[in-house]
Amino acid sequence: MDELSPRYNPKEVEEKWYRFWEERGTFAPVHKKKPYTIVIPPPNVTGILHMGHGLNNTVQDVLIRWRRMQGFATLWVPGTDHAGIATQNVVEKALRKEGKTRYDLGREAFIQRVWQWREEYGSTIIKQLKKLGCSCDWSRTRFTMDEGLSDAVLEVFIRLYKKGLIYRSNYIINWCPRCNTALSDEEVEHRELEGNLYYIKYPVKGYEEQGDEFLTIATTRPETMLADVAIGINPEDKRYKRLVGKTAILPLVGRELVIIPDDIIDPHFGTGALKVTPAHDPVDFEIGLRHHLTPINVFEPNATINENAPERFRGLDRFDCRKKIIEELKENDFLLKTESHLHAVGHCYRCHTPVEPRISLQWFVKMGPLARPAIKYVTRKKIVFIPERWTKVYLEWMGNIKDWCISRQIWWGHRIPVYYCKDCEASGRKDAFIVSKTPVTQCPSCRGTNIEQDPDVLDTWFSSWLWPFSTLGWPKKTKDLASFYPTSTLVTAQEIIFFWVARMIMSGLEFMGSIPFANVYIHGTVRDDTGKKMSKSLGNIIDPLDIIEEFGADALRFSLIFITAKGQDVFLSKEKFHVGRNFANKIWNATRFILLNLDKEKAVPDIGRLQKIQFSSADRWILSRLNQTIKTTTTALEEFRFNDAANNIYEFFWHQFCDWYLEISKRDIKENSVTQAVLLEVLTKSLQLLHPFMPFITEEIWQILASFSAQSASKDASIMLSPWPAVKKEYINLDAENAMRYLTDIIIVVRNIRAEMNVAPDVKPDCMLVTHNKKCTELIRRHINLIASLGNLHTIEVAESGGKPPMSATGIVGTTEIFLKLQGIIDIEAEKMRLLKKIQKKEKDLAGMLNRLEDAEFSKKAPHHIIEKSIAYRDALAEELNKLRIHIQNLEQL
RNA sequence: GGGCGGUUAGCUCAGUUGGUUAGAGUGCUUGCUUGACAUGCAAGAGGUCACUGGUUCAAGUCCAGUACCGCCCACCA
């Protein structure tokens, strides 16, 4: 295994190491060292890897591999969450194909069925993470429904309950009529919809005396009028002040509605009067509480009309009911007018059905007391957001935090550990429930055994918010917990700050007494090249697995990092992955070149044993550049500037090492052992710098390289456990860098002249360099061969002064004048003829194009973009012609 | 309604505390199959840094305002 295939095959290489790492499980941390822990956002168990995960996990793996090489005990616990609603939806969908519902199976069997599904498909995303090269400790993989994590969930519920932070209450919550469950505020997505604002006339009792018998109310949801219990107006509103306390009549129903004042009502919206519907609107619910109104609920859980509405509406879907109401209002002349109106409507984040506000009995967590310390620790910078601007977003949300509705009316999840004594309930005792971690079979107060557990389960986030410590064994006092909590860094996307990040901070402080992580790195959202968020429903997905298949995981990883500026959104298209693919190919071939030229019989000396005096200018230069690169790359990683880090290595490796040093080395690589040592040194260190970004290719080359290295100790050892390169200050040499820049500039100018004068590649002109600077003269003298070979020159003459030799082209670097002698090299007359011919052809083209554009037929008939193209072409031709003419002038001046 | 981000090369984007000639990838033009690599090499063209004003010896960078694009939050029914 000591030769590289002529062509780099990422699939082969990545497959090999992916399996090797999976079998050997090399990622477990060594406990003795200083810990560095990363918190992975546990992906949804129903999920498949999308580009957002790709970016997220690449960033995390870069951090973890880098820190591992730095000698930290790096722990990255992988896992998935049980995604209650999503998973249940998936399994129910499958059942529906069999013509069954979950009720046909019953709770036990259904849950069995979900577990079965999870066995089969639940580890898809874990496998995909492995393919991406993630170096998680797979032996510690966790699932939020695991025994340990479930125990943590129950423990937390009990503790919070005992502290008075969990309560049960009738409250207006977000209800998804399709999923048939409550949703937290964060699970509701607001979408702008074009709706209507209906102006409905409510007759007012005793209002006739004022000359108008109606109070007009604007609403977007006329169907909820069936549940109206009052009319609200702003107490300061002069138009309606006198109506307070009077009654209005609810059209179509006939119920009497009291008119009440409330500050929350905006006199400038609609007519300034509000129909109060406490059962179906959160604002109205609050008003209802303040004014002791009894709500009337007219919806079934599936959002059809129930028996509280007049019979003719019963059973109608909410939207059908809306139509019917409008019709009836029109018929009875209650509808004054309809205006179109743009407003935000809440939708279920899982199934995208419009959410229905609904009063129901739910469990809540009181958030205020949990939020206070979580605010404090962020304000005092014990937890730092990167980029910093998210701190403000976090603090603002925490400052206005609302209680958290944690019960869900589904079956898949952690069942709420609350037991009701049916006997006590029947005899009218309030609070006839027991909160208990273990199953309850007997009522402690009446000794009855008619006990039922709460049928609801907990919000999935109620388990995810414990992730940083529940995965380490909490509530047990484990070694892992002691070693790895608090963790170091959390890497996540901004969408999840409220769902998860904020709640983890609160739970960490509450249950562990310390912050869960020190840094929160928020990366950008991955979007398609039109700026849309990538999502399955939009069909604009670039599947990371396709990219891995086509270009390789290394290419995917490097490209993602390369284009992702700190916290900025990423716009993707397939072409963007060419950077990574091409770079991997470059690394492979550079290595191939070096290895092909090493003397296999003789060991290459270790760089450290060489005397400084043995190094050439180029050696000194590249070693200085290497150490500068180590420095800038390390600093960039420390500051979470991943793209800068990637850019640094890319620039160094390709445009300095490959473009220049490798080319220079070609002159004597076979026999110069110092050059060989430098090549190996730079290659080795570069691979190490690259390893966090491109783990597969660097590992492959590392292993092959081991057989060439003087230190045989590195054999068999993985690059991932090798020490991160340290900056060796003694190699940083600004003089060497300046000298090399001067020499390369001269070579570039020479090449420039050659290209301009059309000197054939195999022709070597003579050159004269004129400088009065002694240092420059000295430098040129020492590197005449170098300049000659890279500039493809015959002879080089250095002079302190002198005029332009006849028949020569000129260039300049600093104060150094460069003369390329072209006498006998190019046949000026022939060259002029060539150019003139070209000019003639272009002139013809241009004339044709001008004719075409002036042609009336053409400009009439041709489509606009063709005309634009023609104009552009005309301009390009004119420009080229101009250049050719200047070129001829230059030739004449020689 | 509130908050945040963006506007730099044809396209997609970098540009750290203000400091030489504003960079990369890609695309384009020209030349090259040179024994590592055409997924490549060499050379080149291409920018009024959205706009207006201010601070400064010096502004893509700092301040104020304007315009457009995007995102998040929000109880205007």
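Quick note on labels: first sequence line is chain A, next is B, and so on, each numbered from 1.
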Q) Across the strands shown, which category fits A:Arg7 at heavy-atom distances under 4.0 angstrom: base, sugar-phosphate, nothing? A) base

(request) For A:Ala344, answer base if it contacts any base atom (sugar-phosphate contacts may also be present), sugar-phosphate if it contacts only those atoms, and nothing otherwise; contact means non-hydrogen atoms under 4.0 Å. (result)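 If one applies the 4.0 Å heavy-atom cut-off, A:Ala344 turns out to touch a base.
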
Expressed as a whole number of angstroms, how long is the span from [X]:[atom1] to [N]:[atom2]?
{"X": "A:Asn643", "N": "B:rU12", "atom1": "CG", "atom2": "P", "answer": "18 Å"}
{"X": "A:Ile233", "N": "B:rA77", "atom1": "CD1", "atom2": "C1'", "answer": "15 Å"}
{"X": "A:Phe498", "N": "B:rC72", "atom1": "CZ", "atom2": "C1'", "answer": "7 Å"}
{"X": "A:Asp762", "N": "B:rU33", "atom1": "CG", "atom2": "C1'", "answer": "14 Å"}
{"X": "A:Lys586", "N": "B:rU39", "atom1": "NZ", "atom2": "P", "answer": "12 Å"}
{"X": "A:Asn752", "N": "B:rG44", "atom1": "CG", "atom2": "C1'", "answer": "8 Å"}
{"X": "A:His578", "N": "B:rU39", "atom1": "NE2", "atom2": "P", "answer": "10 Å"}
{"X": "A:Ile522", "N": "B:rC71", "atom1": "CD1", "atom2": "P", "answer": "19 Å"}

Identify, between A:Ala590 and A:Asn758, the residue whose nearest nucleotide on RNA chain B lies closer to the 5' end.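 The 5'-side residue here is A:Asn758.
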
message = Reading RNA chain B from 5' onward, which residue's closest nucleotide shows up sooner: A:Glu756 or A:Pro761?
response =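 Its nucleotide being nearer the 5' end, the pick is A:Pro761.
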
From [options], nucleotide with atom closest to [X] side chain:
{"X": "A:Arg751", "options": "B:rA42, B:rA36, B:rA77", "result": "B:rA42"}
{"X": "A:Thr220", "options": "B:rU39, B:rG25, B:rA77", "result": "B:rA77"}
{"X": "A:Ile748", "options": "B:rA43, B:rA77, B:rU39", "result": "B:rA43"}
{"X": "A:Phe562", "options": "B:rA77, B:rU39, B:rG25", "result": "B:rG25"}
{"X": "A:Ile265", "options": "B:rA74, B:rG25, B:rA77", "result": "B:rA77"}
{"X": "A:Arg641", "options": "B:rC76, B:rU16, B:rG40", "result": "B:rU16"}
{"X": "A:Ile264", "options": "B:rU16, B:rA36, B:rC75", "result": "B:rC75"}
{"X": "A:Phe593", "options": "B:rA36, B:rC32, B:rC75", "result": "B:rA36"}

Note: contacts of residues 650-665 of chain A with RNA chain B (heavy atom, under 4.0 Å) are A:Tyr650, A:Trp654, A:His655, A:Cys658, A:Asp659, A:Leu662, A:Glu663

*asked:* Below 30° counts as parallel, above 60° as perpendicular, anything between as tilted: where do the rings of A:Phe652 and A:Phe657 land?
replied: parallel

query: For the residue pair A:Phe583 and A:Phe653, does the interplanar ring angle fall in the parallel (under 30°), tilted (30 to 60°) or perpendicular (over 60°) class?
result: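 Perpendicular: the ring planes of A:Phe583 and A:Phe653 meet at over 60°.
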
If you measure from the [atom1] atom in [N] to the same atom in [M], how many Å do you get, rounded?
{"N": "B:rC63", "M": "B:rC4", "atom1": "P", "value": "13 Å"}
{"N": "B:rU61", "M": "B:rG15", "atom1": "P", "value": "14 Å"}
{"N": "B:rU8", "M": "B:rG47", "atom1": "C1'", "value": "7 Å"}
{"N": "B:rA38", "M": "B:rU33", "atom1": "C1'", "value": "8 Å"}
{"N": "B:rG65", "M": "B:rG3", "atom1": "P", "value": "12 Å"}
{"N": "B:rG27", "M": "B:rG10", "atom1": "C1'", "value": "7 Å"}
{"N": "B:rU55", "M": "B:rA14", "atom1": "C1'", "value": "27 Å"}
{"N": "B:rC49", "M": "B:rG18", "atom1": "C1'", "value": "15 Å"}

So which protein N/O to nucleotides 1-4 of chain B N/O distances come out below 3.5 Å?
residue	atom	partner	partner atom	Å
B:rG3	O3'	A:Lys392	NZ	3.1
B:rC4	OP1	A:Lys392	NZ	2.8

Hey, does the side chain of [X] come within less than 4.0 Å of [N]'s phosphate (OP1/OP2), counting only N and O?
{"X": "A:Lys666", "N": "B:rA36", "answer": "yes"}
{"X": "A:Asn589", "N": "B:rU39", "answer": "no"}
{"X": "A:Lys402", "N": "B:rC75", "answer": "yes"}
{"X": "A:His343", "N": "B:rC75", "answer": "no"}

query = Do A:Asn585 and A:Asn589 meet the criterion of a side-chain donor-acceptor pair at a distance under 3.5 Å?
reply =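 Indeed, the side chains of A:Asn585 and A:Asn589 share at least one donor-acceptor pair under 3.5 Å.
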
Modelled atom types, side-chain donor and acceptor of A:Asn582 and A:His578, under 3.5 Å: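 Note: A:Asn582 and A:His578 side chains miss the donor-acceptor criterion.
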
- Is A:Lys666 close enough and on-axis enough to A:Phe593, meaning under 6.0 Å and within 45°, for cation-pi? yes

Side-chain heavy atoms of A:Tyr202 within contact of A:Ile259, under 4.5 Å: no

Please answer whether the main-chain N or O of [Y] pairs with a side-chain N or O of [X] as donor and acceptor at a distance below 3.5 Å.
{"X": "A:Asp554", "Y": "A:Phe696", "result": "yes"}
{"X": "A:Thr675", "Y": "A:Ser665", "result": "no"}
{"X": "A:Arg290", "Y": "A:Asp262", "result": "no"}
{"X": "A:Trp588", "Y": "A:Ser5", "result": "yes"}

With sequence neighbours left out, the residues meeting side-chain contact (heavy atoms from CB on, under 4.5 Å) with A:Ala344 are A:His190, A:Glu192

Per-residue pairing states of RNA chain B in dot-bracket (Watson-Crick or G-U under 3.5 Å; . unpaired, | other strand) read (((((((..((((.....[...)))).(((((.......))))).....(((((..]....))))))))))))....

The complete set of salt bridge (Lys or Arg N to Asp or Glu O under 4.0 Å) pairs with one or both residues in residues 271-287 of chain A, sequence neighbours excluded, reads A:Asp228-A:Lys275

Practice problem: Assert yes or no for the condition that the ring centre distance of A:Trp390 to A:Tyr394 is strictly below 6.0 Å. | Solution: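 Judged by ring-centre distance (under 6.0 Å), A:Trp390 and A:Tyr394 do not meet the cut-off.
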
Quiz item: Taking the six-membered ring for Trp, is the centroid-to-centroid distance between A:Phe693 and A:Phe642 below 6.0 Å?
Solution: no

Residues at least two apart in sequence or cross-chain that pass side chain to side chain donor-acceptor pair (under 3.5 Å) with A:Asp237, listed by chain then number, are A:Arg239

